[in-house]
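What you see is a predicted model; the values in this text were computed from it and never measured.
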Amino acid sequence: MRMGDEEDSTPPANGVADRPEPPYQALLPNLDKLSRSSFDKGTVSRRRINRALLILALMAVAVLAVIFLPPLING
């Protein structure tokens with residue numbers, strides 16, 4: 001008997017059956033906890049969401065600048 005066979009036959013420790021993880025769960029673990037009130041004007045959640053979107057947009061602009069600016073400057 002191989003060592004791997006032993007581990008495969010044991011039930012999960014917490015008693016929960018192996019269910020597939022929802023899509024994007026590893027990237028956005030609290031996505032299912034967003035509600036309409038998260039986007040209400042003046043809330044902390046809305047400010048955090050706006051900051052995160054701003055950071056993502058700035059990162060995208062930076063990546064595009066790194067890709068497209070050198071050929072324009074040298075060309």
Under 3.5 Å, side-chain donor or acceptor atoms of residues 38-45 against the rest of the protein: list the pairs with distances, not counting sequence neighbours.
unit_1	atom_1	unit_2	atom_2	d
Ser38	OG	Ser35	N	3.3
Ser38	OG	Ser35	O	3.3
Thr43	OG1	Asp40	O	2.9
Thr43	OG1	Arg46	N	3.3

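Other members of the cluster containing Leu54 are Leu58, with ILVMFWY side chains joined at under 4.5 Å, either directly or via other members.
Residues Ala65 and Pro70 share a closest heavy-atom pair of O-CD, 3.6 Å.
Transitive grouping of hydrophobic side chains (ILVMFWY, heavy atoms separated by less than 4.5 Å) brings Phe68 and Val63 into a common cluster.
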